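Just so we're clear, the structure is a prediction, and the values are computed from it rather than from any experiment.
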Amino acid sequence: MQASRARLFKEYKEVQREKSADPDIQLVCDDSNIFKWTALIKGPSETPYEGGVFQLAFAIPEQYPLLPPQVRFLTKIFHPNVHFKTGEICLDILKNAWSPAWTLQSVCRAIIALMAHPEPDSPLNCDSGNLLRSGDVRGFQSMARMYTRLAAMPKKT
Amino acid sequence: MEGASAAAASSGCDYDEFQPQKKIPMVDAFSAPSTSNTNPSSEPSFVPSLEKEGNTIGFNDDSMQGVEKQMTPFVGGKHDIPMVMASGFEKPFVSDKEPLSALAAEFESGSPIIQEKIKLLGEKYTALRRTRGDGNCFYRSFMFSYLEHILVTENRAELDRVLVNIEQCRVDLFNLGYAEFTYEDFFGSFTELLEGCLPGTKASLSLTELLEKACDQITSNCVSCFSSPAVMFLRFVTSAAIQKRAEFFQPFVTAASRKSVVQFCKLCVEPMGEESDHVHITALCDALGVPIRVAYIDARASSNPANPNAPIIFDFFPYNQEEVQNNGSNCTDAANVSTDLSKQENPAPLVTLLYRPGHYDILYPL
């Protein structure tokens with residue numbers, strides 16, 4: 001508990017210091033609980049997520065950084081490796097490839113990279129995975145773009 | 001799949017789509033005690049439904065406020081421990097010392113070659129200490145064996161020597177671009193632990209205490225818990241050593257895994273539970289300057305015709321040999337060392353491990 005708190009505090013300071021370094025990621029710690037963080041990430045360009053802003057929720061275990069943070073999309077996203085209903089993310093570094101060398105910030109970067117490079121062969125969202133696996137890139141992109149517009153963009157009035 | 005509990009649900013890549021009803025209630029497992037684990041009303045409200053999506057999400061502070069409010073009901077989530085070392089193993093991380101006869105007894109009805117090898121092993125070794133087979137056994141065995149060596153021999157010179165190497169590893173990681181805060185805690189706790197192995201400080205440990213602490217679960221949350229942090233320290237050190245000599249290790253890494261050196265370190269060295277092999281042992285031995293001996297016991301006959309059943313002994317000597325040979329002396333003159341190099345005998349191993357396919361334990365010489 002002590003160790004995780006100390007580490008998270010260091011990450012907090014680092015995030016404050018590097019605020020402008022990564023304009024695509026805004027990582028914010030909960031006011032009252034250092035084990036809860038939120039991130040806003042920008043959808044990578046030249047992907048169907050471009051122009052969208054996606055929220056991630058981080059829940060950090062007491063054994064952090066020996067155990068990975070739990071990260072979920074709060075914004076609906078159509079992506080083979082993100083559960084459509086729960087926002088759970090299938091990403092090796094959040095499971096067995098985790099190591100303390102990763103940080104909350106670098107996890108965000110990894111998630112942005114996953115958005116740009118879906119891995120349809122290990123899908124959490126089978127519909128999305130199947131579109132890509134069957135070669136229907138256009139179908140996948142239009143679905144993904146539609147959900148980006150519906151859920152991840154400001155509504156035009 | 002009915003009992004697909006936390007573990008299965010968290011394992012990620014299985015097709016959760018097919019069992020949408022089995023969603024685990026979203027309970028904050030961190031700040032709330034586990035008794036609140038049954039809260040069916042807190043449904044997994046992942047996304048505000050599309051109609052509610054009128055509120056814009058932007059990068060300004062105001063919208064962030066809204067975001068946090070929205071999140072409140074479902075931030076947290078059921079926390080499951082996804083990794084091998086978390087639970088479900090009856091064996092302690094490091095067990096009590098056993099006579100070698102215990103190993104012989106285990107193979108009583110097994111392969112005669114193994115029996116013969118164990119018998120021959122008994123001519124040089126008296127005891128073994130088992131470690132848990134959780135993928136960290138090499139590091140854990142090394143860690144305990146080395147600390148025990150320092151503690152039993154009260155070898156201040158060796159401690160001072162290794163501290164210099166550890167400092168170098170810290171610099172190496174920094175130069176490799178690792179963020180300092182990701183590894184400094186592990187380094188700090190390990191050097192503290194090393195100091196504790198020598199008598200005369202407040203933090204000094206007895207062998208019993210060392211063993212007790214080596215068995216700490218990472219889930220036990222105690223402040224002084226060192227077993228897994230120490231393993232992680234060794235993983236960082238190993239990773240740095242491989243990357244530092246990437247050119248040397250590249251062919252071995254590629255042959256074993258078809259990965260680049262950096263990928264290999266990220267995926268096969270740094271994560272807890274990833275098993276170790278020659279590459280890892282060589283690198284760790286180099287980095288800390290600690291010679292390691294490994295006795296291999298398997299059911300194959302050895303190629304040595306004179307003694308086909310002799311256990312194969314592998315010795316790992318540090319690449320940076322002058323470090324080891326400086327042990328106890330103050331000789332830092334590089335030229336001096338290099339001329340001496342050829343005359344030096346190989347250093348005696350400080351750590352001796354028993355390898356059976358897939359697992360490392362600690363071995364004690366006569």
Enquirer: Could you report the tightest heavy-atom contact between Ala3(A) and Asp185(B), atom names first, then the distance?
Expert: O-OD2, 4.5 Å

Enquirer: Please report the interatomic distance NZ(Lys266(B)) to OG(Ser99(A)), rounded to the nearest 0.5 Å.
Expert: 6.0 Å

Enquirer: Run Met272(B) and Asn96(A) through side-chain contact (heavy atoms from CB on, under 4.5 Å) and show every step you take.
Expert: CA-CA 8 Å; Met272(B) 290 291 278; Asn96(A) 52 2; over 6 Å; no

Enquirer: Does any heavy atom of chain A fall under 4.5 Å from the side chain of Phe181(B), the backbone, both, or neither of them?
Expert: both

Enquirer: Taking CD in Glu119(A) as the centre, count heavy atoms belonging to other residues, nucleotides or ligands within less than 6.0 Å. Is the count above 12?
Expert: no

Enquirer: Counting only heavy atoms not in Gln263(B), do more than 12 fall under 6.0 Å of its CD?
Expert: yes

Enquirer: Drop me the distance from Lys10(A)'s NZ to Thr182(B)'s OG1, to the nearest 0.5 angstrom.
Expert: 9.5 Å

Enquirer: Under 4.5 Å heavy-atom distance to chain B, tell me which part of Pro100(A) shows up: side chain, backbone, both or neither.
Expert: both

Enquirer: When you look at CD of Gln16(A), are more than 12 heavy atoms from neighbouring residues, nucleotides or ligands closer to it than 6.0 Å?
Expert: yes

Enquirer: Considering only heavy atoms, which portion of Asp92(A) lies under 4.5 Å from any heavy atom of chain B: side chain, backbone, both, or neither?
Expert: side chain

Enquirer: State, yes or no, whether a side-chain contact exists between Phe186(B) and Pro65(A) at a heavy-atom distance under 4.5 Å.
Expert: yes

Enquirer: Give, as side chain, backbone, both or neither, the part of Glu180(B) having an atom under 4.5 angstrom from any heavy atom of chain A.
Expert: neither

